[in-house]
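I have placed the structure first, in the form of C-alpha cells, so that the comments after it can refer back to it.
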Amino acid sequence: MLRSLLVILYWTPILTAQVGIGTTAPDPSSALDITATDKGILTPRMTTAQRNSIANPANGLMIYNTDSDEFQYNSNNSSTPAWRALSLISTSATAPGSSLKYSNTDITTNINQASVINLPVFGNSLWNDDTGLYVVSGNQLTITQAGRYEFIINASIANNTATDRNAPEMRLYINGTAAGAYASTGYMRSANNHEQSSLHLREVLELNANDIVTVGIGRAGNSGSVLLRSTGSTTFYVEKKL
C-alpha cells in the first residue's frame, strides 16, 4: 500500500505539468510540446463512414479523411457533430485562390462556324493574380503549374443575320482535346426580339503543368452568323483550387 502511494505521489507532478516529446523544456503555454526536425505528426486516418461511426466526437476532434483527402474537425457539439475541412494552404509557389479574369473586345468574329474556333474572349485583362502561372497568348491560356482549376465562362451572343435560327455551343479544350461539360442554348430567332441568348459553363479540371486551355465554340444548328453581343459582355474566369 505504501509503495502504491509513493508511486502516485511521484507521478502526480508529471501528469499535471506540460508534456514534452523530443524536448526536455516544453513551452509553458502548451499541454503537449512535440519537437522534431525529421518527423511529423500522423493524425488518425479513416474513411467518412468510419468517421461517422465515432461515438460522441468531441468539439474540436480532428481526423484525416481518406475519402476526401483532407483534415477535418468537429465544429459542433458531440451529439450533433458538424465536420468541416481545414483550409488548404499550398506548399507550392502558387497558392490556391490565385485567379485570372478576362472579358471580350471582339464583337465581329462569327462564332457559329462549322469547325470549332477559339472563343475570342481574351481581349481585356480584368486581373491576373500570377502572371507566372497564367500566360495568355492570343485566344489561349497556358497554365504552368499542375493542379485543380475551376473555370467559369459566360458568353453573351446574338444573331447577326435576319431570319436565322442559330444555336452555337461551347466547351473547354485542353491541348486541343475537348474536356468536361457542354454549354448549349436553344435556337435564337431573328424575330420578335429573340435575337440574343447566352452560354454558361462552369467546370473543375485536373491539369498538368503547361497545359494549354482554350474555349471552343461552334455550330450546333443553322449556319447563320452569330457574334459576341457587346464589348465586355463575355467573360473568362479561372481559379486555382488545389
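Everything numeric in this text was worked out from a predicted model, so none of it was measured.
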Original post:
Looking only at heavy atoms, what is the nearest atom pair of Leu61 and Trp83, with distance?
Top reply: O-CZ3, 3.5 Å

Original post:
Atom OG of Ser99 and atom CG of Leu126: how far apart are they, to the nearest 0.5 Å?
Top reply: 10.5 Å

Original post:
Got a second to check how far Phe151's CZ is from Arg202's CZ, nearest 0.5 Å?
Top reply: 13.0 Å

Subject >> Short side-chain donor-acceptor distance under 3.5 Å, Thr48 and Asn65 >> reply: yes

Original post:
Distance-only, no hydrogens or angles: does the Asn222 side chain make a donor-acceptor pair with backbone N or O of Arg165 under 3.5 Å?
Top reply: yes

**OP:** Spell out, yes or no, whether Leu199 and Ile117 are grouped together once hydrophobic residues are joined by side-chain heavy atoms under 4.5 Å, including indirect joins.
**Re:** yes

Listing, residues 169-176 side-chain donor-acceptor contacts under 3.5 Å, not counting sequence neighbours, or none:
from, atom 1, to, atom 2, distance (Å)
Glu169, OE1, Ser184, OG, 3.1
Arg171, NE, Gly180, O, 2.9
Arg171, NH1, Tyr182, OH, 3.0
Arg171, NH2, Gly180, O, 3.0
Asn175, OD1, Ile212, N, 2.9
Asn175, ND2, Asp211, OD1, 2.9

**OP:** For Thr231 and Ile107, run side-chain contact (heavy atoms from CB on, under 4.5 Å): C-alpha distance rounded to whole Å, both residues' side-chain angles, the deciding distance at 0.1 Å, then the answer.
**Re:** CA-CA 7 Å; Thr231 299; Ile107 55 173; 4.0 Å; yes

Subject >> Joint cluster assignment, Leu205 & Ile152, ILVMFWY side-chain distance < 4.5 Å >> reply: no

Original post:
Any side-chain heavy atom of Leu133 sitting closer than 4.5 Å to one from Leu100?
Top reply: no

Subject >> Side-chain heavy atoms of Leu228 within contact of Pro120, under 4.5 Å >> reply: yes

**OP:** For the pair Leu227 and Thr108, evaluate side-chain contact (heavy atoms from CB on, under 4.5 Å) and give the outcome as yes or no after the intermediate values.
**Re:** CA-CA 6 Å; Leu227 309 178; Thr108 61; 5.6 Å; no

**OP:** Would you mind reporting whether Asn139 and Val121 have side-chain heavy atoms less than 4.5 Å apart?
**Re:** no

Subject >> Lys101 side, atom NZ; Asp129 side, atom CG - distance, nearest 0.5 Å >> reply: 12.5 Å

**OP:** Determine the minimum heavy-atom distance between Asn59 and Asn74, stating which atoms define it.
**Re:** ND2-O, 3.4 Å

**OP:** May I ask you to test the Gln18-Asp27 pair for a side-chain heavy-atom distance under 4.5 Å?
**Re:** no

Original post:
Same hydrophobic cluster for Tyr64 and Met62, using side-chain heavy-atom links shorter than 4.5 Å among ILVMFWY?
Top reply: yes

Subject >> Ser225: which of Ile111, Asn159, Asn110 passes side-chain contact (heavy atoms from CB on, under 4.5 Å) >> reply: Asn110

Original post:
In Å and rounded to the nearest 0.5 Å, what is the OG to OH distance from Ser197 to Tyr187?
Top reply: 13.0 Å

Subject >> Closest contact, heavy atoms only, Ala167 versus Gly186 >> reply: CB-O, 3.9 Å

Original post:
How long is the span from the CG atom in Asn56 to the CG atom in Asn77, to the nearest 0.5 Å?
Top reply: 9.5 Å

Subject >> Pairwise side-chain contact, Ser233 with Asn104, heavy-atom cut-off 4.5 Å (strictly under) >> reply: yes

Under 3.5 Å, side-chain donor or acceptor atoms of residues 36-47 against the rest of the protein: list the pairs with distances, not counting sequence neighbours.
from, atom 1, to, atom 2, distance (Å)
Thr47, OG1, Gln50, N, 3.2
Thr47, OG1, Gln50, OE1, 3.4

Original post:
Below 4.5 Å, heavy atoms only, C-beta onward: do Val213 and Ile143 meet side chain to side chain?
Top reply: yes

Original post:
Is there a side-chain contact between Tyr134 and Val136 (heavy atoms, below 4.5 Å)?
Top reply: no

Original post:
When the ring planes of Trp127 and Tyr237 are compared, do they come out parallel, tilted or perpendicular, using 30° and 60° as the limits?
Top reply: perpendicular

Original post:
Do Ile157 and Pro168 have side-chain heavy atoms sitting under 4.5 Å apart?
Top reply: yes

Subject >> OG1-NE2 distance between Thr185 and His200, expressed to the nearest 0.5 angstrom >> reply: 8.5 Å

Subject >> Smallest separation among heavy atoms of Asn112 and Asn166, with atom names >> reply: ND2-OD1, 3.6 Å

Original post:
Considering all heavy atoms of both residues, which atom of Thr234 and which atom of Ser156 are nearest to each other, and what is their separation?
Top reply: OG1-N, 3.1 Å

**OP:** Identify the two heavy atoms, one from Val116 and one from Gly216, that lie closest to each other, and give their separation to 0.1 Å.
**Re:** CG1-CA, 3.5 Å

